[in-house]
Amino acid sequence: MNHPLLEVRIVTKYFPGVVALKQVSLTLEAGEVLALIGENGAGKSTLMKILAGIQQPDLGKLFWNGKEADIDSVEAAMELGIALIHQELNLADNLDIGSNIFLGREPRNKLGIVNRRIIREESRKVLERVGLDFDPRTSLTKLSIGQQQLVEIAKALSMNAKVLIMDEPTSSLSSKETRRLFKVVKDLKQQGVSVIYIAHRLGEVKELADRVVVFRDGQNSGELAKEEISHDRMVQLMVGRDVSQLYERTPHKPGDEILKVTDLASPAFPDAKNNFSIRAGEIVGLAGLIGAGRTELLRVLFGIDDAVSGTIEVAGKPREFEHPRDAIEAGMVLVPEDRKGQGLVIDWPLDMNGSLPGLNRHLKQKAFIDKRNEIETAERMIDDLNIKTPNRKQILQFLSGGNQQKVVLGKWLSLEPKILLLDEPTRGIDVGAKEEIYHLMDKLAAEGLAVLFVSSELEEIMGVSDRVLVMHEGKVTGELARSDLTEESIMQLATGQELATAH
Amino acid sequence: MKNLLLMAGLACLVGITGCNGNGDGGSGAGGTTGGAAEQDEFGPIKTGSVGEDEKPTVSFVTNGIASFWVVAEAGANKAAEDVNADVLVKMPAEGVADQKRILEDLLTQGVDGVAVSAIDPSGQQDILNEVGENTIFITHDSDSPFTNRCAYIGMDNYDAGRMAGKLVKEAIPDGGEVMIFVGRLEQLNAKLRRQGVIDELLDREPDSSRYDEPGKPVEGEKYTILDTRTDGFDFAKAKAEAQDAINKYPDLKCMVGLFAYNPPLMLEAVKEAGKTDDIEIVAFDEEDGTLQGIVDGHIHGTVVQNPYEYGYQSVKMLAELARGDSSSVPEDRFMNIPARQIRKDNVIEFWTELNQLLGKEPPEGAAETSKKEGE
Amino acid sequence: MKKLLGILGLFIVVFGFTAVQNPKFISAYNMENLLNWTGLFGILGVGAAFVIITGGIDLSIGSVVGLVGCLLPLFIMDHGVPVPLAILSVMLIAALIGLTHGLLITKLNLQPFVVTLCGLLIYRGVARFITADQTMGFGNTHGDLRKLATGKLAIPGLTEATKFDLPIPFLILFILMVVGAIFLDKTIWGRYLLALGRNEQAARYSGIKTDRLTIMSYVICSTLAGFGGIMFMLDLNSVQPSSHGSFYELYAIAAAVLGGCSLRGGEGSIIGVVIGMAVLRLLYNASNLLGIPTQLEFTIIGAVILAGAIVDEVAKRLVHRMRQAKQQR
């Protein structure tokens, strides 16, 4: 009888006061790519941690090649051939590629000195398997995020990994890098390596996965074979409801030009001069590959970095933003990409985060904080944005990503801004919250707010925008009206090609 | 009344520093006790009423932590045994503020008497007077003459400085460049010792009130005192100062260390520079390293105080005063424990005696050397 | 709040234990001394707390105390500067020192540790140089001025037997504490400081001028160090340029940490710092009165602070775990 390579049999995992996994079962065949999907907190990561030996199940068993396996440590998992590629890469960027691949298990000669020749040779072999053409002596800092990820995969392969677990591997990759990663995954599959891959972009799943397992509330809520995989089926299993209204839109009536930039260049791309404008009441998507300079452009607009050249006009008046405060005073706010690092004081309660930008405005009474107003602001924010929190004193790190993002939005909306800049607003948040944020953006635009949002997810860009600006190497290279939006047209502009249909 | 006295004392001090050309002004002073000696009358001696069979508790407070004070502690403990008293030996680690705190805590405890080595004789008058108001108070080692202390037990530092100067003259009879090293120049004893060395080398008339500003060389006929370097009781810095001096002045002939820990560190620096034949060392006090240096011939000699006696006499006097007996307080309120010069010829004898006092084995290397010398 | 209770508990335990062991401990004389020292050192602690809350550190506090201690008598005694002007100038010098620290840290992006460590060395050297290592003091003059630090306020209504005078330095510290606590907890700038200490970027992205606040915290710290320096000088009336104030920054930092400031920034209460300093002084006082050998003084103090830090961390983890459990339910 043929055993699956890996089998999870009725595993239950408790955390203090909560059941993270309820009687979950799963199988994985050799050479299979299994996608694992589900909203945040559905239990995907917990199961992966159990497989990788980071946590142990409270009930249930694991089988490897039909034999019961006791994976009680990361070492034990590696011994079997299971390796976890973390979402946040675990590499030492002060070392070169080869040293990273062999970190902690450097081959030594008789004198105990690290044998660099073996490191180089072995590294070359595994780098080739992941399609990276780099000298192992190259410093890691020279590599893009996507390339670093491949190094991490190479590292796992060098340890003879038979199962690779990837936790949202494409979340910080550009489309090109994603393509390359997929190719590597397919190659590895040919070589008999199995991949369990926690996906957050449903569009990718169909292309890559042989099978999809869906999680909801710590339970296995369904399984789709390759031919059954469809976007709607997946979402339905994940959220348990119909989401055809994900990108539901109300008609926007763009008003006057509210933001106009002329020859604006960011320090990262001093020679790329940008000219564009945004009108009140429209949602403009800013598309492009990772590293195309979109975040950098938003930083200049918001006054975090100084512009190298150019001018910014808000509602017809030229403005100089030396500090975010200047931008805020002009009515322009930014929801930054790094929610925990820049958007929020994550270990502070909700109400104190919500009031932070308003303290020097409506929450100020002489030098003192208007405590009552602060409380009201927080309560209103919780109601208006439907933030799921026990109360306004809740520490934000205990909220889900989606609810955290709503707090960022809420703290800005309390200032009644005119221009809303959003940098990857739905990164790492579940489908339900995404939908709410899309609807919020839609509603705000309908109310006359100008929205400029950066996203690396084409689906989202196309679903939400009235108009799309595409950046390539620091410069806005093209503009697409909603009616012209196709994946191909955006990618052409994003990779610096002329639009086939243009002119 | 007390205030008047203090004012008079201060005026006297200002007068002395103001006209140091006038030899008559302070010549009678003869050192540390100068101020006190000029006072015509002393206040009454404070005594206690501890019974003959009861054990008085007295405290011996130093001005810092050093092996010098370990010797004094031995003396204090011995005296406590001899006169049937309890003694608390306190060593402030961090200067004036620390010493003040310790004194306050002693007053809180209500000890029967306190002997203090004043870190800053003039600035600390308030707290010292407070001690004197609340208990029997004497000074040792470093006096604070304008306070209400009953007595001072110590040596004449200026004379000791001149003794060291004489040792320098013996070490380098042809003259040359001399450097002085000391922990802190703020202390009266350091100032007086230094001045004694300088005055002796320049063959000046004895005048303890003279003060040559540090930082500029003092030149005499044969001897030049280049500089006085301080280290703030930081041993690493003390050694570094010595190294820098060796490096900076190639013609340096003699180094004088005024505080106990200086000479061994100076000797280390000289040894490392390979200059034991070129640079003579004159020391103060009796660190093991200093004594060994004398035995080995690297240090010419040392001027030793008698810390053991400071400790012993302080505790003995305090205990006697606490029992109402003031007979041991001298007429001029100054109990002189004179300094001695130790050279190669008497070092073994001195060292053996010292170790005996401390309850240590006699110096090993010393015994051997003395045997050899005896052969 | 929990941290405050913790440090207060520690204070009460040590206090009670010492009082039982040695009744003289609670004598008015000793209590007055304890309050006086707490007042003097506490002023430095409050200043240090402001910097620590922003996630910075100031190692130059002791040297500023030393420098100011030298400058004040130098101005008044040697140069005949009128007292108010002299006090104003030394405070201004202290504030300028803080401003320099702040500018170097924010505008040149130097590390606070490096900047203030250099400050520690520089101001000590300057103090020694300008005084030629001579002990500084007022001698017997300026008794009235010195009352600012040595004076005591009789508490009315007490009989001779229960007489208790409040040392003025403690009174000053108390006022500072109240003002500081209100500033930190109730004003928008206090909130800004806490946000800046917790997450500098998030604060900046929220439109808070973080550089300006950082500079302000260093100015507050150095100015209070300068003020403390004046008080120490007036109290001791004896300033050794080479050692006056040495290591005081460490006491200030220790008290701040003991009182609930996190060296990672963003956390701390002024009242906690004052109690922290009181604990520190209490430990000195107690180890003396309990007859613990002087040599072990530092060991006792270090051990108690460490024990406090360990208990605090363990408690924090417990709370965190419980909260997380509640969250996941």
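Heavy-atom basis, side chains included; hydrogens, waters and symmetry copies ignored. First the proteins, then the strands, lettered A, B, ... as listed; each starts at 1.
Residue B:Asp126 touches chain C through its side chain alone, counting heavy-atom pairs closer than 4.5 Å. Using a 4.5 Å cut-off between heavy atoms, C:Pro241 touches chain B through backbone and side chain atoms alike. For B:Leu88, no part sits under 4.5 Å from any heavy atom of chain C, backbone or side chain. For chain C, the nearby part of B:Glu130 is the side chain; its heavy atoms alone come within less than 4.5 Å. For chain B, the nearby part of C:Asn36 is the side chain; its heavy atoms alone come within less than 4.5 Å. Contact annotation for B:Leu107: both backbone and side-chain heavy atoms come within less than 4.5 Å of a heavy atom of chain C. Looking at C:Asn30, both its backbone and its side chain come within 4.5 Å of chain B, counting heavy atoms on both sides. Neither the backbone nor the side chain of C:Phe138 comes within less than 4.5 Å of any heavy atom in chain B.
For C:Phe11, the CZ atom counts as densely surrounded, since its 6.0 Å shell holds more than 12 non-hydrogen atoms of other residues, nucleotides or ligands.
For the set C:Leu289, C:Asn22, C:Asp235, the count of heavy-atom pairs under 4.5 angstrom toward chain B peaks at C:Leu289. The choice from C:Phe25, C:Trp37, C:Phe247 that makes the most heavy-atom pairs within less than 4.5 Å of chain B is C:Trp37. Between chain C and the residues B:Gly232, B:Ala97, B:Gly110, the most heavy-atom pairs under 4.5 angstrom are made by B:Ala97. Of the listed residues C:Thr131, C:Val239, C:Asn237, the one with more heavy-atom pairs under 4.5 angstrom with chain B than any other is C:Asn237.
The main-chain N or O of B:Thr108 is never found under 3.5 Å from a side-chain atom of C:Lys24 such that the two would form a donor-acceptor pair.
Between the CZ atom in B:Arg101 and the CG atom in C:Leu34 there is a gap of 11.0 Å [rounded to 0.5 Å]. From C:Leu236, atom CG reaches atom CG of B:Asp98 across 10.5 Å, with rounding to the nearest 0.5 Å. Taking CG from B:Asp105 and CG from C:Asn33, the interatomic distance works out to 7.0 Å, rounded to the nearest 0.5 Å.
The shortest side-chain heavy-atom distance between B:Glu186 and C:Ser238 does not fall under the 4.5 Å cut-off. With contacts defined as side-chain heavy-atom distances shorter than 4.5 Å, the pair B:Glu94/C:Ser246 does not qualify.
Residues from residues 121-130 of chain C that place a non-hydrogen atom less than 4.5 Å from a non-hydrogen atom of chain B comprise C:Arg128, given in numerical order.
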